[in-house]
There are 2 protein chains.
Amino acid sequence: MQTRIIPACPERLRSARAALHLIDGKWKIPILIALGFGTRRFQELSREIDGISPKMLSKELKDLEENDLIIRMPHGSPTIAVTYALSPLGKSLDKLLDELHDWGAAFRQRLAGQ
Amino acid sequence: MQTRIIPACPERLRSARAALHLIDGKWKIPILIALGFGTRRFQELSREIDGISPKMLSKELKDLEENDLIIRMPHGSPTIAVTYALSPLGKSLDKLLDELHDWGAAFRQRLAGQ
DNA sequence: CCGAATCCTGTTTGATACTG
DNA sequence: CAGTATCAAACAGGATTCGG
């Protein structure tokens, strides 16, 4: 097989970069996955995502909100409470996250089989 | 569509983490995309992936090889030459990369429309 | 041509304590 | 409960040089 440069490659690289820019960082994908199961409070995310510190959770939530992937909903009255949910754009990542899960699951099986 | 059976959140988080661990780093996805279009030499990758330094390219290629996502093929005699190709495991990422591309392309359109 | 080895800098991340 | 503040450690990444 010969090596040749196909025009589609640069386009693909650009699109991938655009996507990666929104979801990079160690904790963004885990957060999006957790929110894919339903809205969550700060503490719930904190407990659900193993190893994340409040500082990182706060930062990544802020990044995600800036990019319109999630929605922050403070509801004020009795005690302070904030819930986070996927935005429509965030929800549109579901196929991608499905693929990620499928591949990861297959890979883990492969490891287990060795 | 009614509710389908969704894998539990913690399981999903674990699988995603396993997958992410193999492909994290700024340049691994771009490298995998480029190799998805055919085998490449070091210099070709260097030119094709905008902004990467030899050091990073070298490091990321090594990581990818250690995780069996790519195959390094040195062919020695006249001048030293090395080509890189996707391994079967690397090829199995194609659906995921397709999704990434589709989502990124849609997102770029969305930006352009604004 | 394909990297390895060094040096250096800025960013990211972590642990923990603290605030309204 | 939902975050901030602070300090330190780890890492990413660039520039450059060198060698097979």
Side-chain angles (χ1 to χ4, degrees), chain A residues 2-5 13 16-17 20-35 38-67 69-87, chain B residues 13 16-17 20-35 38-67 69-87:
Chain A
Q2 273 200 329
T3 306
R4 59 208 171 95
I5 298 200
L13 286 170
R17 274 221 167 168
L20 288 173
H21 182 250
L22 296 188
I23 58 178
D24 77 357
K26 190 173 177 182
W27 303 104
K28 293 205 183 69
I29 299 266
I31 290 171
L32 291 169
I33 290 175
L35 291 180
T39 64
R40 294 281 192 276
R41 309 257 301 259
F42 190 94
Q43 287 297 324
E44 293 176 316
L45 288 170
S46 200
R47 267 181 257 112
E48 202 157 15
I49 300 172
D50 197 52
I52 195 169
S53 68
K55 172 182 166 184
M56 276 300 110
L57 181 53
S58 175
K59 176 190 172 294
E60 299 281 67
L61 285 171
K62 213 171 288 177
D63 288 349
L64 289 169
E65 197 199 353
E66 267 174 25
N67 289 321
L69 288 169
I70 66 173
I71 297 168
R72 182 180 183 274
M73 305 147 75
H75 17 102
S77 16
T79 56
I80 295 161
V82 183
T83 62
Y84 294 91
L86 290 185
S87 71
Chain B
L13 286 170
R17 274 219 164 169
L20 287 173
H21 182 250
L22 296 188
I23 59 178
D24 76 355
K26 190 174 178 183
W27 304 104
K28 293 206 182 66
I29 299 267
I31 290 172
L32 291 170
I33 290 176
L35 291 180
T39 65
R40 293 284 191 274
R41 308 255 304 257
F42 191 93
Q43 285 300 320
E44 291 175 319
L45 288 170
S46 199
R47 274 189 298 274
E48 203 158 13
I49 301 171
D50 200 52
I52 195 169
S53 69
K55 172 184 167 180
M56 278 301 115
L57 182 51
S58 175
K59 176 188 172 298
E60 300 280 69
L61 286 170
K62 209 173 294 178
D63 289 350
L64 289 169
E65 198 199 352
E66 267 173 23
N67 290 320
L69 288 169
I70 65 173
I71 297 169
R72 183 178 183 275
M73 305 146 74
H75 16 100
S77 12
T79 57
I80 295 163
V82 184
T83 63
Y84 295 90
L86 290 185
S87 71

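Residue numbers begin at 1 in each chain, while the letters A, B, ... track the order of the sequences.
Close to dA4(C), at under 4.0 Å from its OP1 or OP2, lies a side-chain N or O of Lys62(B). Put simply, Ser53(B) has no side-chain N or O that comes within less than 4.0 Å of OP1 or OP2 on dA15(D). In this structure, Tyr84(B) reaches the dG3(C) phosphate: one of its side-chain N or O atoms is under 4.0 Å from OP1 or OP2. Using a 4.0 Å cut-off, no side-chain N or O of Arg72(A) falls inside it from OP1 or OP2 of dA2(D).
The NZ atom of Lys26(A) sits 9.0 Å away from atom CD1 of Ile52(A), with the distance rounded to the nearest 0.5 Å. Residue Asn67(B) holds its CG atom at 11.0 Å from CD1 of Ile23(B), rounded to the nearest 0.5 Å.
Here dG3(C) presents its C1' atom at 13 Å from CD1 of Ile52(B), a figure rounded to the nearest Å. For the pair Asp63(A) CG and dG3(D) C1', the computed distance is 15 Å after rounding to whole Å. Distance, His75(A) NE2 to dG3(D) P: 11 Å, rounded to whole Å. Atom pair Leu45(A):CG and dA2(D):C1' shows a separation of 12 Å (rounding to whole Å applied). The nearest whole Å value for the distance from the CD atom in Glu65(B) to the P atom in dC2(C) is 15 Å. Protein atom CD of Glu44(B) is 16 Å distant from nucleotide atom C1' of dG3(C), rounded to whole Å. Atom CD1 in Ile70(A) sits about 13 Å away from atom P in dA2(D), given to the nearest Å. If you measure from atom CG of Leu57(B) to atom P of dT16(D), you get 19 Å, rounded to the nearest angstrom.
Take the nearest nucleotide of DNA chain C for Arg47(B) and for Lys55(B): the residue whose nucleotide is more 5' is Arg47(B).
Listed nucleotides: dA4(C), dG3(D), dT13(C). Nearest to the side chain of Lys26(A): dT13(C). Picking from dG3(D), dA2(D), dG3(C) the nucleotide with the shortest atom distance to the side chain of Val82(B) gives dG3(C). In this structure, the nucleotide among dG3(C), dC1(C), dC1(D) sitting nearest to the side chain of Arg41(B) is dC1(C). Nearest nucleotide to the side chain of Phe42(A), out of dG3(C), dT13(C), dG3(D): dG3(D). With dA4(C), dA2(D), dG13(D) as the candidates, the nucleotide lying closest to the side chain of Met56(B) is dG13(D).
Paired with Thr83(B) under the rule side-chain hydrogen bond (donor to acceptor under 3.5 Å, both in side chains), one option of His75(B), Arg40(B), Arg41(B) passes, and it is His75(B). Shown are Leu32(A), Leu64(A), Ile49(A), Leu61(A); of these, the side chain to side chain contact (heavy atoms under 4.5 Å, CB included) with Trp27(A) is made only by Ile49(A).
Computed from C1' positions of five pairs at each end, the angle between the two local axes of the helix from dC1(C)-dG20(D) to dG20(C)-dC1(D) equals 50°, rounded to 10 degrees.
At least one side-chain heavy atom of Leu57(A) sits under 4.5 Å from a side-chain heavy atom of Ile31(A). Leu69(A) is not listed as a side-chain neighbour of Asp63(A), based on a closest heavy-atom distance of 4.5 Å or more. Between Phe42(A) and Val82(A) there is no side-chain heavy-atom pair separated by less than 4.5 Å.
Residue contacts shown for Gln43(B) are limited to sugar-phosphate atoms, with no base heavy atom under 4.0 Å away.
Proximity of a side-chain donor or acceptor of Lys28(B) to a complementary backbone N or O of Asp24(B) within less than 3.5 Å is detected.
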